[in-house]
Amino acid sequence: MGLPSSHPVWLKYLSLGVLVLQTTSLVLTMRYSCTLKEDGPRYLASSAVVSAELLKILACTLLVYKENHCSVQLLKEEIVNKPVETLKLAIPAAIYTLQNNLLYVALSHLDAATYQVTYQLKILTTALFSVSMLGKRLGFYQWLSLLFLMAGVTLVQWPTESEEDTEQKVVSAGSQFVGLMAVLMACLSSGFAGVYFEKILKETNQSVWVRNLQLGLFGLVFGSVGMLMFDGQKVRELGMFQGYNTITCTVVALQALGGLVIAVVIKYADNILKGFATSLSIILSTLISYFLLEDFNPTSVFFFGALLVIAATFLYSHEHEPADGSTGKV
């Protein structure tokens with residue numbers, strides 16, 4: 001999607017900045033919040049997911065309200081009076097809820113740079129689901145980019161020699177494996193849910209904000225059930241918002257409103273711009289992880305793998321629209 005001629009050029013670069021800021025800040029703050037050592041109980045990831053859904057519902061309700069000239073009649077017509085259409089969103093909502101919880105697991109075990117690069121596998125899963133579910137056809141450069149992508153992620157995850165003792169190596173390898181499995185499952189769920197949601201959007205003429213509101217309502221239900229199932233005892237003892245601080249609230253806000261921001265600015269961004277945003281986000285995450293968080297020691301193998309992933313991102317955009325999961329889901 002190119003930049004419309006009616007919009008000033010500076011909006012294109014503003015979009016680049018917003019995309020990079022949102023993507024990078026969410027990953028880094030989530031990683032920092034998951035590894036921060038402090039007195040008292042740590043916040044519950046399941047609680048953060050539920051809080052993000054609540055904030056998302058509020059934001060989408062306000063947008064629908066504004067879009068329909070301060071009338072909420074549309075919500076009754078589209079959500080209450082069309083239960084079958086609404087229920088279609090239950091499947092992607094459940095998968096997105098699982099994905100959001102997996103991201104916390106992944107960033108508890110992987111540094112931000114490794115996570116950022118590995119998570120680009122969602123391009124592969126989304127592409128494959130687009131081919132199988134939507135009947136899309138990929139061009140030569142897109143298939144080639146997927147090979148680059150898999151090779152790059154493999155190199156990033158390649159084990160390196162370290163000076164740790166044997167016990168520390170085992171613990172480190174085990175932690176990285178858990179993080180890797182969480183990212184892979186998140187990529188798989190992101191690909192399926194994104195394509196499923198795109199299919200629903202194409203079959204109806206509903207507002208994307210109404211659809212996101214429906215997703216949020218189901219997400220709130222599934223997230224709450226998951227929180228009570230896995231963290232019910234902790235919630236009963238210390239409450240849902242235990243361990244919340246400024247960083248936690250920032251993570252919740254970024255997760256809830258990040259997709260909304262992307263949905264708004266993406267109309268000003270073409271494929272090359274989105275490729276630049278992904279690349280800059282990976283580079284920034286790597287630099288901040290190394291210099292500020294100090295939880296990442298880059299190697300030449302990592303850099304080569306990251307370079308392949310960045311190249312794959314640009315190459316995939318060479319033909320047609322990219323199946324990167326950007327289907328308007330907030």
Side-chain angles (χ1 to χ4, degrees), residues 20-49 52 99-122 152-187 190 243-255 258 277-310:
V20 173
L21 180 64
Q22 191 278 328
T23 305
T24 309
S25 57
L26 174 59
V27 172
L28 291 171
T29 53
M30 192 180 288
R31 168 64 178 173
Y32 181 69
S33 70
C34 289
T35 57
L36 182 65
K37 295 179 180 179
E38 58 181 351
D39 297 331
R42 182 180 296 278
Y43 77 92
L44 304 173
S46 58
S47 165
V49 170
Q99 174 195 334
N100 290 334
N101 280 280
L102 286 171
L103 297 185
Y104 283 96
V105 176
L107 282 164
S108 296
H109 295 85
L110 294 176
D111 59 82
T114 302
Y115 163 84
Q116 275 278 64
V117 177
T118 308
Y119 194 48
Q120 297 313 308
L121 276 177
K122 64 183 179 179
V153 171
T154 300
L155 288 175
V156 166
Q157 293 292 337
W158 199 264
T160 57
E161 293 296 327
S162 67
E163 296 179 356
E164 296 176 335
D165 60 38
T166 303
E167 185 176 349
Q168 287 178 313
K169 283 183 179 180
V170 171
V171 172
S172 178
S175 179
Q176 186 169 14
F177 179 77
V178 171
L180 175 59
M181 288 299 102
V183 173
L184 293 179
M185 290 178 64
C187 289
S190 174
Y244 272 50
N245 53 30
T246 305
I247 297 296
T248 311
C249 293
T250 302
V251 170
V252 169
L254 286 170
Q255 191 172 33
T278 300
S279 304
L280 288 174
S281 181
I282 290 173
I283 293 169
L284 281 175
S285 296
T286 301
L287 293 175
I288 294 175
S289 290
Y290 180 69
F291 289 107
L292 295 183
L293 299 183
E294 298 181 346
D295 61 354
F296 173 63
N297 292 311
T299 64
S300 57
V301 175
F302 174 89
F303 279 122
F304 184 58
L307 188 61
L308 279 177
V309 170
I310 291 172

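We're numbering straight along the sequence, starting at 1.
- A heavy-atom distance below 4.5 Å is not found between the side chains of Q116 and V309.
- Y43 is not listed as a side-chain neighbour of N245, based on a closest heavy-atom distance of 4.5 Å or more.
- Once rounded to the nearest 0.5 Å, the distance linking OH of Y104 with OG of S46 reads 10.0 Å.
- Considering all non-hydrogen atoms of both residues, I310 and S279 come closest at CG2-OG, 3.0 Å.
- Looking at every heavy atom in both residues, L28 comes nearest to A112 through CD2-CB, 3.6 Å.
- Within 6.0 Å of OH in Y290 there are 12 or fewer heavy atoms belonging to other residues, nucleotides or ligands.
- Taking the side chain as every heavy atom from C-beta outward, V105 and N101 never approach each other to under 4.5 Å.
- Partner of Y32 under the side chain to side chain contact (heavy atoms under 4.5 Å, CB included) criterion, out of L292, L107, V27, I247: I247 alone.
- Among all heavy-atom pairs drawn from G179 and A106, the shortest one is O-CB, 3.9 Å.
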Start with the C-alpha gap between T24 and S285, add the side-chain angles, then the distance that decides, and say whether side-chain hydrogen bond (donor to acceptor under 3.5 Å, both in side chains) holds.
CA-CA 6 Å; T24 309; S285 296; 4.6 Å; no
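- Of the possible donor and acceptor atoms, none in the side chain of R31 sits under 3.5 Å from a partner among the backbone N and O of A113.
- Although no hydrogens or angles enter the test, the distance criterion places a donor-acceptor pair under 3.5 Å between the side chain of T286 and the main chain of I282.
- Nearest heavy-atom pair across L121 and C187 is CB-SG, 3.8 Å.
- Looking at every heavy atom in both residues, S33 comes nearest to V251 through OG-CG2, 3.9 Å.
- In this structure the side chain of T35 never reaches within 4.5 angstrom of the side chain of D295, judged on heavy atoms.
- Scanning all heavy atoms of the two residues, the minimum distance from Q99 to A186 falls at CG-O, 3.9 Å.
- Distance check, rounded to the nearest 0.5 Å: CG of N297 to OG of S289 gives 10.5 Å.
- Looking at S25, its side chain does come within 3.5 Å of a backbone N or O of Q22 through a donor-acceptor pair.
- In this structure, T29 contributes its side chain and L26 its backbone to a donor-acceptor pair below 3.5 Å.
- In this structure, the separation between CZ on R42 and SG on C34 is 7.0 Å, given to the nearest 0.5 Å.
- Taken from OG1 in T299 to CZ in F304, the straight-line distance is 12.0 Å, to the nearest 0.5 Å.
- At least one side-chain heavy atom of T118 sits less than 4.5 Å from a side-chain heavy atom of Q157.
- Separating the CG atom in D111 from the CD1 atom in I288 is a distance of 13.0 Å, to the nearest 0.5 Å.
- L21 contributes atom CG, which lies 9.5 Å from atom OG of S281 (distance to the nearest 0.5 angstrom).
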